[in-house]
There are 2 protein chains.
Amino acid sequence: MYRWSLLANSYIYHNNIKKYSVGFSTDLLLTKKYLNLLLLQSFADESNMSNRSQHTIKDIAVALGLSASTVSRALNDHPHISQETKQRVREAVEKLDYRRNALAANLRTSKSNIIGLIVPRISMFFLSSVITAIQNKLHEFGYNLMVCQSNDSQVLEKELVNAMYASRVDGLIVSATLSTEDFSHFDIFSRRNIPLVFFDRIPRNYPAHKIQGDDYQGGYQTTLHLLEQGCRRIAFICGPLTSNLYQDRYAGYQNALKKYAVAVDEQIIFFHELSKGNALKDCDILFAQAPYPDAVFACNDTSAIAVVEHAKAKQIKVPEVLKVAGYSNDPRTQIIDPAITSVEQFPLEVGTQAAALVMDLIQQKTMPGRNFISLTTPVDLVKRTSSGA
Amino acid sequence: MYRWSLLANSYIYHNNIKKYSVGFSTDLLLTKKYLNLLLLQSFADESNMSNRSQHTIKDIAVALGLSASTVSRALNDHPHISQETKQRVREAVEKLDYRRNALAANLRTSKSNIIGLIVPRISMFFLSSVITAIQNKLHEFGYNLMVCQSNDSQVLEKELVNAMYASRVDGLIVSATLSTEDFSHFDIFSRRNIPLVFFDRIPRNYPAHKIQGDDYQGGYQTTLHLLEQGCRRIAFICGPLTSNLYQDRYAGYQNALKKYAVAVDEQIIFFHELSKGNALKDCDILFAQAPYPDAVFACNDTSAIAVVEHAKAKQIKVPEVLKVAGYSNDPRTQIIDPAITSVEQFPLEVGTQAAALVMDLIQQKTMPGRNFISLTTPVDLVKRTSSGA
DNA sequence: ACAGTAACTGCAAACGTTTGCAGAAAAAAC
DNA sequence: GTTTTTTCTGCAAACGTTTGCAGTTACTGT
């Protein structure tokens, strides 16, 4: 094998000399073709048997008597390369099982064809649906997605942002930690003008592109619905007000009450991380003594489900005595009995929009100066049995 | 700024000459320090104001009067570098806001610190839990995860494998498409000796490391449980037998029946993609005419849920008249009424194991010749109301 | 004063692509 | 037959790291 390589090199060198000074005679060409065939064969043999060396563009060039640049261009379908050459390169690639080294290409072009995505948890229904949509959309553009979860930890989030930058992702999509208030670790992306898009949990005062559900409407419509159903004492289980999500939903809740001239009663409003355990504690408080609430509006479905289960355990009839509403339209809300009224957020649309926006930004379609896009996606209240619908 | 750069270069050049021939005088050192300070300042200014150029290791070297190699070593905490130098480098990095270019480093070292993961769907509960576990484990080792979903399409899967290889991931974890029977697109990883681990949906006859739940036991125990509950006509809703999952569960089902000397009745066994729609169709067939089944064992929870809903709609009492069991212990099974008996697969353990295995393989801890590891993780039947427990 | 060792640091060559520029051959225009 | 244009290909320099090797100082012991 090694002999063949050597021969190849010297032959090709000879070739070039000839080429530049005298030109090919027909039988020289024939000889060349024959030799290349042999070469290809032996190269391929090697590639099948050993796993040591991966072939590079240069190997193809040598085997074909071309230069690396020509092979590169052929692979990228550059117009200046003849069809015949392209065909020969394709065949050699096939035979040698050549695989492009994206690392090298990315270094040279300083773009990675990868979009980064950071979410608090991958296993929440809303988020995993968004991810699906993002990935499918990106795939249309030939981009790959690198997903990381911050586990709702600020320090991990920061770490991940840096890792993403180190990998020179071409764009970053983020749903922030609930507690993130300092967004300066994203500065590197803004400064370098790398597309940065927040969705769902977005920063209030940080300049960036943002896509958010219409949480105000979600909170408003749901509360209004409960009011229309006759409820006047609507408990509210809310996430921490550090997050835009809960600020907006809370504002919606308040304004709906105001419309019906119902006073906001802080006694039946809870702010904390939204978990099953916390929701059950809230229920204990709410149903410890009269006056009992006639409805509970929880800001996620896990909490709403907990409320329904508490009610079942305590023989409180839903929806007759207590009406319940959740948020996000998790599949579980349709399965539980009674089915729970919830707010659909259209995760697939959100994901598609986020991905499309990043692609736009990369292709500079969208770039009106330093303006940042702020998109609000609609939500839809899905009325079910739990609210008496 | 440019002036300063030039000055820096020439000064440092001068420096070196001096250094190698005569050595430093004290005030030369002082001058040097002063200059470097100025340099650092101006470099930093530039980095704050403009976003054009990202600083490289070389910039730090120049600013500090060092060579790129020293800076590189300092950053990697190489033992030959003095503490003082490391400290100076750290400060300069801070000041210039230098960010490592992983692309370049990866090219040089030909490892990416990225593990690839290909799954059919990210939004299935089992899979998203596995992903979470994998990512957390990998993070302990300083590795990142690149997640892609094949949407259960073979061609997409193949495409993704190639993309992963192009990015030179250091390892690949895969849950294959339901229909994948030809696994040759994974050859590239085997040949190049890059850790390749299958989990959940694994290839039967393809040599690779495999982690699978104990699907035989899952099928066997569940069927046995239903038999013990008195059922003798147990319908079986199964996925396509191209997949190891369903082969094994089916075998378990059959053997349990055999133990109770119950004949396998093909009339009440269904093989097809497991979706809500298909399960409902099966129900229509099953309950079209007597003899009716006294139990349905569905190979995933979506189908089991569909069965329960069908029964509710048709006023068939579960579990009194019809017992139901599912597979995967999806959160929905605990919420629906009646709660559905299902098989817990311990996704977090599976994910952790998969990640740990890949890390082991990378660090060559595990490599007894050409032996492949085949791990079977235990499952656990969770008995709930739907089966009369 | 000198050899020997230890502690640092620098040189330069990689890693595998892409790409501006220039050059050769072939075709076209004069 | 010469010039111009077109079509194709090669040269060589990047991209930003890492690393074997060699070289320089400083320190140690004699």
Side-chain angles (χ1 to χ4, degrees), chain A residues 12-13 15-24 29 53-62 64-89 93 98-113 165-168, chain B residues 12-13 15-24 29 53-62 64-89 93 98-113 165-168:
Chain A
I12 278 151
Y13 178 64
N15 242 2
N16 288 349
I17 298 289
K18 280 283 189 202
K19 204 168 163 189
Y20 288 129
S21 52
V22 184
F24 284 136
L29 267 172
S53 69
Q54 348 182 1
H55 286 125
T56 73
I57 235 175
K58 191 139 198 169
D59 295 324
I60 299 200
V62 169
L64 248 38
L66 290 172
S67 75
S69 32
T70 301
V71 175
S72 169
R73 278 188 263 252
L75 288 172
N76 294 327
D77 206 28
H78 190 286
H80 281 180
I81 303 295
S82 71
Q83 286 308 317
E84 191 213 336
T85 304
K86 284 180 187 172
Q87 186 54 36
R88 288 177 62 214
V89 168
V93 162
Y98 160 81
R99 307 297 184 116
R100 166 174 208 269
N101 186 329
L103 254 42
N106 293 344
L107 173 60
R108 174 57 221 244
T109 58
S110 58
K111 63 190 291 291
S112 62
N113 263 273
Y165 183 77
S167 297
R168 297 297 189 270
Chain B
I12 279 153
Y13 179 64
N15 243 359
N16 287 348
I17 298 288
K18 279 283 190 203
K19 205 169 164 188
Y20 288 129
S21 53
V22 185
F24 284 135
L29 266 172
S53 70
Q54 350 182 0
H55 286 125
T56 73
I57 235 176
K58 190 137 198 172
D59 294 326
I60 299 200
V62 169
L64 247 38
L66 290 171
S67 75
S69 31
T70 302
V71 174
S72 169
R73 278 188 263 252
L75 288 172
N76 294 327
D77 206 29
H78 191 286
H80 281 180
I81 303 295
S82 70
Q83 286 308 316
E84 191 214 334
T85 303
K86 283 181 185 171
Q87 185 54 36
R88 288 178 62 214
V89 169
V93 162
Y98 160 82
R99 309 296 184 116
R100 167 173 208 271
N101 186 328
L103 254 43
N106 294 344
L107 173 59
R108 175 58 221 246
T109 59
S110 57
K111 63 190 290 291
S112 62
N113 265 273
Y165 182 77
S167 298
R168 296 300 187 269

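Here is the naming used below: chain letters follow the sequence lines, and residue numbers restart at 1 for every chain.
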Minimum heavy-atom distance A:S67-A:A61, with the two atoms named: C-CB, 3.6 Å

Rounded distance (Å) that lies between atom P of C:dC8 and atom CD1 of B:I81: 9 Å

A:Y165 backbone acceptor or donor facing B:R99 side chain under 3.5 Å: no

Axis-to-axis angle between the two ends of the helix from C:dA1-D:dT30 to C:dC30-D:dG1 (five base pairs per end, rounded to 10 degrees): 50°

Under 3.5 Å donor-acceptor, A:T109 side chain and A:A105 backbone: yes

Minimal non-hydrogen separation, A:S112 against A:S167, with atom names: CB-O, 4.0 Å

Can you pull every protein N or O that's under 3.5 Å from an N or O on nucleotides 4-6 of chain D?
none

Flag side-chain contact, heavy atom, 4.5 Å: A:V89 against A:L75: yes

pair A:H55-A:I60: side-chain heavy atoms closer than 4.5 Å: no

5′-ward residue of the pair A:H80/A:K58 relative to DNA chain C: A:K58

Minimum heavy-atom distance B:I57-B:A68, with the two atoms named: CG2-CB, 3.8 Å

Short side-chain N/O contact from A:S82 to OP1 or OP2 of D:dT7, under 4.0 Å: no

Whole-Å gap separating P (D:dC11) and CG (A:L66): 11 Å

Those residues that, when tested against A:S82, pass side-chain hydrogen bond (donor to acceptor under 3.5 Å, both in side chains) (two or more places apart): A:T85

Residue that, paired with A:K86, satisfies side-chain contact (heavy atoms from CB on, under 4.5 Å) out of A:E84, A:R88, A:Q83: A:Q83

Phosphate-side-chain proximity, A:T70 and D:dC8, N/O vs OP1/OP2 below 4.0 Å: no

Can you name the atoms? Protein N/O to nucleotides 12-16 of chain D N/O, anything below 3.5 Å, with the distance.
unit_1: D:dA14; atom_1: N3; unit_2: A:R108; atom_2: NH1; d: 3.0
unit_1: D:dC15; atom_1: O2; unit_2: A:R108; atom_2: N; d: 3.4
unit_1: D:dG16; atom_1: N2; unit_2: B:A104; atom_2: O; d: 3.3

Residues which pass side-chain hydrogen bond (donor to acceptor under 3.5 Å, both in side chains) with B:R73, listed by chain and number, not counting sequence neighbours: none

Least distance between heavy atoms, A:L107 atom then B:L103 atom: N-CD2, 3.9 Å

DNA chain D-proximal residues of residues 72-79 of chain A, any heavy atom under 4.0 Å: A:R73

Distance in Å, B:H78 NE2 paired with B:S69 OG, rounded so as to fall on 0.5 Å steps: 10.5 Å

Rounded distance in Å - CG (B:L64) to P (C:dC8): 17 Å

Greater than 12 external heavy atoms within 6.0 Å of A:K58's NZ: no

Euclidean distance, atom NZ of residue B:K86 to atom P of C:dC8 [Å, nearest integer]: 9 Å

